[in-house]
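In what follows, a single structure is set out as structure tokens and then discussed.
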Amino acid sequence: MTLDRAVFAFAGCFILISLALAHWVSPWWLLFTAFVGVNMLQTAFTGFCPLVIILKKLGVKPGQAFD
């Protein structure tokens, strides 16, 4: 799995988990969904993603988007 796909997989999982928590636990979990969305938006413009730094240190091979 490349870095790009790993980032998309993490973001998708976090969004789905937070939506489930918002449905069954508390609507306040939607703030976490918003945080993930805002982080994805700022990454699109700046190219900086904290998850990428962590995954690179773990040895995930780079993809096309994050060099």
Side-chain angles (χ1 to χ4, degrees):
M1 180 176 282
T2 64
L3 196 57
D4 305 341
R5 290 179 185 235
V7 169
F8 291 138
F10 268 89
C13 287
F14 282 143
I15 287 172
L16 291 174
I17 290 168
S18 66
L19 287 174
L21 288 168
H23 179 73
W24 283 299
V25 178
S26 169
W28 285 101
W29 281 102
L30 291 175
L31 291 174
F32 186 68
T33 308
F35 170 75
V36 173
V38 168
N39 193 26
M40 290 175 65
L41 186 62
Q42 73 83 24
T43 299
F45 288 106
T46 65
F48 173 75
C49 180
L51 179 60
V52 170
I53 296 168
I54 295 168
L55 291 175
K56 279 184 181 178
K57 289 183 180 182
L58 292 174
V60 177
K61 61 183 176 180
Q64 298 294 321
F66 303 106
D67 293 329

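Under the 4.5 Å side-chain contact rule for hydrophobic residues, Phe35 and Val25 share a cluster. Following chains of ILVMFWY side-chain contacts shorter than 4.5 Å, one can reach Leu51 starting from Met40, so the two form part of one hydrophobic cluster.
Of all the heavy atoms in Met1 and Lys61, the pair that sits closest is O-CG, 4.0 Å. Between Pro62 and Leu3 the shortest heavy-atom distance is CA-CB, 3.9 Å. Between Gly63 and Thr2 the shortest heavy-atom distance is CA-CB, 4.0 Å.
For Pro27, the side-chain contact (heavy atoms from CB on, under 4.5 Å) test picks out no residue, with sequence neighbours left out. Scanning for side-chain contact (heavy atoms from CB on, under 4.5 Å) contacts around Ala22 gives Trp29, Leu30, with sequence neighbours left out. Thr46 pairs by the side-chain hydrogen bond (donor to acceptor under 3.5 Å, both in side chains) definition with Gln42, not counting sequence neighbours.
When hydrophobic residues (I, L, V, M, F, W, Y) are linked wherever their side-chain heavy atoms come within less than 4.5 Å, the members clustered with Leu31 are Trp28.
Every pair tested for side chain to side chain donor-acceptor pair (under 3.5 Å) that includes a residue from residues 6-16 fails, sequence neighbours excluded, so the list is empty.
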Donor-acceptor pairs under 3.5 Å, side chain of residues 9-19 to any protein atom, not counting sequence neighbours: which ones?
residue	atom	partner	partner atom	Å
Ser18	OG	Phe14	O	3.1
Ser18	OG	Ile15	O	3.0
Ser18	OG	Thr33	OG1	2.5

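Within the 4.5 Å cutoff, the side chain of Pro50 has heavy atoms near those of the Phe48 side chain.
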